[in-house]
Protein chains: 2
Amino acid sequence: MVDEAEKQPTQLDIARKAGVSTATVSRVLNGSPLVKPALRARVEAVIEQLGYYPHAAARALASNRTFTLGAVVPTLNNAIFAACTNAFEREIQASNYTLLLAVSNYDLGAEEVLVRRLLERGVEGLLLIGNAHSEAVYELLARTRTNYVNTWAWEPQLQLPNIGFSNRRAGAALADHLVGLGHRRIGLVSGIAEGNDRVRERAIGVRERLAAHGLALEEAATTEIRYSVREGRRVLGEFVEAGTLPTALICGNDVIALGVLLEAMERKIPVPEALSITGFDNLPLTEHIRPALTTIDVPASAMGHLAARAILSAIGDGVPVASRELEAPLLVRETTAPPAA
Amino acid sequence: MVDEAEKQPTQLDIARKAGVSTATVSRVLNGSPLVKPALRARVEAVIEQLGYYPHAAARALASNRTFTLGAVVPTLNNAIFAACTNAFEREIQASNYTLLLAVSNYDLGAEEVLVRRLLERGVEGLLLIGNAHSEAVYELLARTRTNYVNTWAWEPQLQLPNIGFSNRRAGAALADHLVGLGHRRIGLVSGIAEGNDRVRERAIGVRERLAAHGLALEEAATTEIRYSVREGRRVLGEFVEAGTLPTALICGNDVIALGVLLEAMERKIPVPEALSITGFDNLPLTEHIRPALTTIDVPASAMGHLAARAILSAIGDGVPVASRELEAPLLVRETTAPPAA
DNA sequence: TTGAAAGCGCTAACAA
DNA sequence: TTGTTAGCGCTTTCAA
């Protein structure tokens, strides 16, 4: 019955014990220069003694600042988004900001309610993935004048705050590379395009370049699957059994590519001799596996860091977030080669 | 000059426009059953019209509830922690809670300030990794009566809220497996033990079982390294060149194990014939790679989900978080076999 | 250099 | 069933 909820001390407790006003306590806490050193020391001693710490909600209500930033990512079960989130958090942490994180599971509708929830929480800025978000999200962001940045994308014509790279050009680079190698029958095993503009842009890039060379994707070797090793393996098997295996397969990401590669090895299909494979992301493992995976180097951590710095300085200067294009270079390794004659 | 900061509408705005009191608006917002349907509809219409949404800080200050949970993890650049965090977020999201996430980078001192920061933010519960936290953290948690749970650990004698598995027993299982196979010269390539009780516990488990069999770790093949493929490769190379390679290597996690495995393959050291290798975590890839990795199946997502449910129900019932032990079974696959005669 | 006091937007008694 | 009102803990004028 005795719950003795001895509450957290408040500034009033500190003020009384130190014989000062709450205004002075507040000044001490906020490092105001106009508190006499002696007084400051006295107050700090009491703060220490009572184990006081500020009540963020009260502070936010009074000052209209939360020192909180938000991020909503599709998932953390993709090393690339986890890395970006990690970098973002580390960067804002250094500026005494705290991260409110939400996972949308690639669902734009869910994302909308999550963004709303973060806005209610008073986030001073937001990191989003991609440029595809619901109308409502964009309206909310505009109405509340929230600093935000769409990472993982670079589409200047959209006039959106982008810190990322051109998925379309990355897709194009992959296509050019394979065509340049002499491939004519190329398939695409991409991620699920629904609600994912990065996937769509990459596919457009691939198709455009193929078309420019008078080619087209092998539709019988083109499909969308979830990002998983198992799915990659399954698809490779299906292509083989259906007799639709092309000479090159562009995979939506490294995880899929790894699945395709491992299944090919299991089936004694020589890679890259009989089948060229490309990935996307440049996961740490891809350079160590044999054959090493040809892939696109996605600057995941850099996007996280830069997005944080951009938002933080936008908040500081009161200016809009500055866009910035990053490189996502093609890394030619061992899974791509000219097709067997 | 014209910044026209047309502020967010407040309950007062809604109340006036709807011709009711703010109390009624509050009731509508909180789904109080004692608001007449007609009135409710009128208020909701105005809310919709003005695009109003509640101010979480004000709400928190008045109600003393934040609907926020915190998590501080060592890093997100480890798929296993990312998976746990992902599961935790998904679970609390479903209960309308929001996640405050902080990354400690395996630094207990840093963790302390982060926990403090989350507490200031008013988190109603906290997910932590492991049982090793600073005194100050435990004091803070006790004093504020914050619901928290240490995942990734199961040490009932410590009387701490644990939802996890016994790292020591997992280490023991690995040792038993290898000894049972006939290995006598066993090395350990663990993660950095500093500030990481999981690593220490696993090592203890290994050493204990080895001792029980009258054996000891090959110290010349035992070391601590960062969790990276590259590091794993480097270490394998060093052991080979120093001529200290044992017949089996217990690796701190799958990433290290993969590095060791790939380097062994590169050097034409037959695995498992000449060298048995074990990992830890059961990353999705490990079952697909050849030879498939013998490892410990860590219930990362389950810990995230269960921790969330435990904290949420502790908050609901006002009772302490219930501990729970999970299995972390040994998965014997293809990288372990009897040592060559 | 310090203090008094008025809110910030909301919830929750308490009244009606 | 609805309204009135007193805070929640803090910041921030404004005075002193």
Side-chain angles (χ1 to χ4, degrees), chain A residues 5-44 46-47 50-68 96 117 119-124 144, chain B residues 5-44 46-47 50-68 96 117 119-124 144:
Chain A
E6 46 173 84
K7 302 184 47 185
Q8 273 304 117
T10 70
Q11 283 192 2
L12 190 57
D13 297 314
I14 307 298
R16 281 208 255 264
K17 189 137 186 171
V20 299
S21 70
T22 63
T24 296
V25 178
S26 177
R27 290 192 187 101
V28 169
L29 253 13
N30 294 296
S32 163
L34 26 74
V35 180
K36 277 247 181 89
L39 228 201
R40 166 179 298 276
R42 182 144 56 92
V43 173
E44 280 172 342
V46 178
I47 288 174
L50 298 192
Y52 166 88
Y53 59 79
H55 189 295
R59 178 177 271 194
L61 186 57
S63 69
N64 206 28
R65 299 274 271 124
T66 59
F67 286 94
T68 278
N96 295 315
R117 217 180 264 182
L119 255 18
E120 291 185 3
R121 291 319 194 253
V123 292
E124 297 179 19
T144 58
Chain B
E6 46 173 86
K7 303 184 47 184
Q8 275 302 117
T10 70
Q11 283 192 2
L12 190 58
D13 296 315
I14 307 298
R16 281 208 255 265
K17 188 136 186 171
V20 299
S21 70
T22 62
T24 296
V25 177
S26 177
R27 290 192 187 101
V28 169
L29 252 14
N30 294 296
S32 163
L34 26 75
V35 180
K36 278 248 179 86
L39 226 203
R40 167 179 297 278
R42 183 144 55 91
V43 173
E44 280 172 342
V46 178
I47 287 174
L50 298 192
Y52 167 87
Y53 60 77
H55 188 295
R59 179 178 273 193
L61 186 57
S63 69
N64 206 27
R65 301 273 272 122
T66 59
F67 285 95
T68 279
N96 294 317
R117 218 180 263 183
L119 254 19
E120 291 184 4
R121 266 24 178 212
V123 292
E124 298 179 18
T144 58

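In what follows, chains carry the letters A, B, and so on, assigned in the order in which the sequence lines appear, proteins first and then strands, with residues in each chain numbered from 1.
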K7(A) side chain near dG9(D) phosphate (N/O to OP1/OP2, under 4.0 Å): yes

Given dA12(C), dG3(D), dA4(C), the nucleotide with the shortest approach to the side chain of S21(A): dA4(C)

Any Q11(A) side-chain nitrogen or oxygen under 4.0 Å from OP1 or OP2 of dT11(D): yes

Test item: D13(B) side-chain N/O and T10(B) main-chain N/O as donor-acceptor pair under 3.5 Å: yes

Spacing of CG belonging to L50(A) relative to CD1 belonging to I14(A), to within rounding of 0.5 Å: 4.5 Å

Nucleotide of dG9(D), dC10(C), dT11(C) approaching L61(A) most closely (side-chain heavy atoms): dG9(D)

Given dG9(D), dG7(D), dT1(D), the nucleotide with the shortest approach to the side chain of A62(A): dG9(D)

Selection from dT1(D), dG9(C), dT2(C) that lies nearest to any side-chain heavy atom of L39(A): dT2(C)

Short side-chain N/O contact to dG9(D) OP1/OP2 from Y53(A), under 4.0 Å: no

Side chain to side chain contact (heavy atoms under 4.5 Å, CB included) involving L61(A) - partner list, sequence neighbours excluded: H55(B), A58(B), L61(B)

Distances under 3.5 Å between protein N/O atoms and the N/O atoms of nucleotides 13-16 of chain D, please, pair by pair.
none

Given dG3(D), dA5(C), dC10(D), the nucleotide with the shortest approach to the side chain of R59(A): dC10(D)

